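Just so you know, these numbers come straight off a predicted model, no measurement behind them.
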Amino acid sequence: MAKMNFGGVTENVVTREEFPLEKAREVLKDETIAIIGYGVQGPGQALNLRDNGFNVIVGQRKGKTWDKAVADGWVPGETLFEIEEACKRGTIIEYLLSDAAQIELWPTVKNQLTKGKTLYFSHGFGITYKDRTGIVPPADVDVILVAPKGSGTSLRRMFLEGRGLNSSYAIFQDATGKAKDRAIALGIGVGSGYLFETTFEKEVFSDLTGERGTLMGAIQGILQAQYDTLRENGHSPSEAFNETVEELTQSLMPLFAENGMDWMYANCSTTAQRGALDWKDPFYNATKPVFDKLYEEVKTGREAQRSIDSNSQEDYREKLNEELKELRESEMWQTGAVVRKLRPENN
């Protein structure tokens, strides 16, 4: 494990160089990895592990997602099973269902968690909020986490490009003395760029804050606010969208992802520099209280309970689709659909 300095703070990280794929295969050579759920994270992790030479099976209920697994080369009765059977066969159970489905199917999974097995999560929700979810593992199994910092689609795409998606890892319960090695080996196996140490609690607190904040919730709110302001002042949809979204995602994000925002500030026009420096603090001051409130809601479990209550409603999917439809059909994202078609690579 290497110690890395991040802005003056030392953290423990694991790189591919110090824990190569060959070592990961050796650690897991006698294990059968059962991927439970083939929805968001399942396909990327399962396919990457399979391509990296691990013994992998998939557990999934029959339906569209089962058919998707078959299309990806998983063979019913050989490498693809119903969830209970996959859990029975697996020595490592990667519990990658949605949070709501994890709660629903926990009794089935728990029945197959015999002594010495490993229960693996990619999200700390079920364990951190166990008083609300009822997910309490037996004391004689390892309970670990590897959380890729991105979607399963991104994990797979970057793997196929020969790159890695950074992941966090955590140990909640070490019943065998092998939990840490198993966690790191699985992190390398699923295609992590590097692994950084965390806890189940910190993972879920940061993840829920990020999803509701700069990754999805806040960014949509800020983009919509700027777009609406431009439209209200007479700018066309195309101009408003290009200045709000297209320039950000297609031009600037790749640059500051590669070089940092400090580099971006140093390499833009003097007019842009002055304006960015003058306005960053007002935006910080306006949004910091919102982030503080958001984190408190996550930390207390109130945000988790809202998700549990919402996802357990019979008409949840119908209501969700209505909200997504409203977002999709908004002028900003309808404009975005046209702008994307006009990109040179699409013509």
Side-chain angles (χ1 to χ4, degrees), residues 1-2 4 6 11-21 24-25 27-28 31 33-54 56 58 65 68-69 72 92-99 101-102 118-128 142-172 179-216 253 257:
M1 182 178 295
M4 301 291 292
F6 295 91
E11 295 184 35
N12 294 325
V13 301
V14 180
T15 66
R16 296 179 183 185
E17 287 71 28
E18 62 182 303
F19 204 109
L21 184 57
R25 291 194 189 109
V27 169
L28 302 177
E31 308 285 355
I33 305 167
I35 307 293
I36 307 304
Y38 206 73
V40 179
Q41 277 289 334
Q45 295 201 31
L47 293 170
N48 290 0
L49 284 164
R50 185 177 70 181
D51 289 354
N52 272 334
F54 296 90
V56 186
V58 171
T65 309
K68 180 174 184 283
D72 283 345
I92 295 173
I93 298 174
E94 288 203 13
Y95 206 21
L96 301 183
L97 296 166
S98 68
D99 295 324
Q102 284 187 16
T118 298
L119 179 61
Y120 167 115
F121 293 87
S122 282
H123 188 28
F125 192 99
I127 293 292
T128 299
D142 291 345
V143 182
I144 63 176
L145 173 144
V146 174
K149 295 298 104 180
S151 69
T153 300
S154 298
L155 182 72
R156 181 61 176 167
R157 182 179 297 163
M158 293 175 73
F159 176 86
L160 293 174
E161 293 172 353
R163 300 188 293 144
L165 185 63
N166 300 332
S167 302
S168 61
Y169 77 94
I171 313 301
F172 178 76
K180 186 174 181 178
D181 278 352
R182 286 173 173 167
I184 294 172
L186 286 161
I188 297 298
V190 301
S192 301
Y194 77 87
L195 293 143
F196 60 94
E197 195 172 14
T198 189
T199 66
F200 273 66
E201 186 178 80
K202 287 180 180 177
E203 190 283 329
V204 76
F205 288 180
S206 61
D207 188 76
L208 292 185
T209 300
E211 289 170 349
R212 287 146 180 78
T214 60
L215 302 181
M216 295 177 70
M253 273 190 172

Open item on the list: Give me the atom names and distance for the closest heavy-atom approach of Val146 to Ser167.
Closed with: CG1-CB, 4.0 Å
Open item on the list: Quick one: does any side-chain atom of Tyr95 pair with a main-chain N or O of Gln102 as donor and acceptor, under 3.5 Å?
Closed with: yes
Task: Thr199 side chain near Phe205 side chain, heavy-atom distance below 4.5 Å - done: no
Task: Inter-residue atom distance Asn52.CG - Leu47.CG, 0.5 Å rounding - done: 11.0 Å
Task: Atom of Gly39, atom of Thr65 and distance for their closest heavy-atom approach - done: N-CG2, 4.3 Å
Open item on the list: Distance check, rounded to the nearest 0.5 Å: Thr153 atom OG1 versus Met158 atom CE?
Closed with: 12.5 Å
TODO: I would like to know whether Phe121 and Val143 meet side-chain contact (heavy atoms from CB on, under 4.5 Å); could you show each step before the answer?
DONE: CA-CA 8 Å; Phe121 293 87; Val143 182; 3.9 Å; yes
Task: Given Phe125, Tyr120, Tyr169, Phe172, the one that forms ring pair (Phe, Tyr, Trp, His ring centres under 6.0 Å) with Phe200 - done: Phe172
TODO: State, to 0.1 Å, how close Ala147 and Glu203 come at their nearest heavy-atom pair, and which atoms those are.
DONE: CB-OE2, 3.7 Å
- [ ] Can you see which heavy atom on Ile144 is nearest to which on Arg182, and at what distance?
- [x] CD1-C, 4.2 Å
Open item on the list: Evaluate Ile188 against Leu195 for side-chain contact (heavy atoms from CB on, under 4.5 Å), listing each step before the verdict.
Closed with: CA-CA 8 Å; Ile188 297 298; Leu195 293 143; 4.0 Å; yes
- [ ] Kindly compute the distance separating CG (Leu208) from CG (Asp99), expressed to the nearest 0.5 Å.
- [x] 8.0 Å
- [ ] Grab the two heavy atoms, one from Ile171 and one from Ala183, that are nearest each other, plus how far apart they are.
- [x] CD1-CB, 3.8 Å
Open item on the list: I need the Lys180 NZ to Asp142 CG distance, nearest 0.5 Å.
Closed with: 13.5 Å
TODO: Working to the nearest 0.5 Å, report the span between CD1 of Ile184 and CG of Leu28.
DONE: 11.0 Å
- [ ] Quick one: sort the Phe6 and Tyr194 rings into parallel, tilted or perpendicular, breaks at 30° and 60°.
- [x] parallel
TODO: From the options Val58, Thr118, Leu186, select the one residue that forms a side-chain contact (heavy atoms from CB on, under 4.5 Å) with Ile33.
DONE: Leu186
TODO: Work out which heavy atom in Gly162 is nearest to a heavy atom in Arg16; give both atom names and the distance.
DONE: O-NH1, 4.5 Å
Task: Electrostatic pair Glu31-Arg25, nearest N-O below 4.0 angstrom - done: no
TODO: Please confirm whether the backbone N or O of Leu97 pairs with a side-chain atom of Gln41, one donor and one acceptor, at under 3.5 Å?
DONE: no
- [ ] Evaluate side-chain contact (heavy atoms from CB on, under 4.5 Å) for Phe19 paired with Val27, printing each intermediate quantity in order.
- [x] CA-CA 11 Å; Phe19 204 109; Val27 169; 4.1 Å; yes
TODO: Would you sort out whether Asp51 and Arg156 count as a side-chain contact (heavy atoms from CB on, under 4.5 Å), showing the intermediate values?
DONE: CA-CA 11 Å; Asp51 289 354; Arg156 181 61 176 167; 2.9 Å; yes
- [ ] Spell out, as yes or no, whether a donor-acceptor pair under 3.5 Å connects the side chain of Ser192 to the backbone of Gly187.
- [x] yes
Task: Approximate separation, where rounding is to 0.5 Å, of Ser154 OG and Lys149 NZ - done: 13.0 Å
TODO: Return yes if a side-chain donor-acceptor contact under 3.5 Å exists between Thr198 and Ser168, otherwise no.
DONE: no
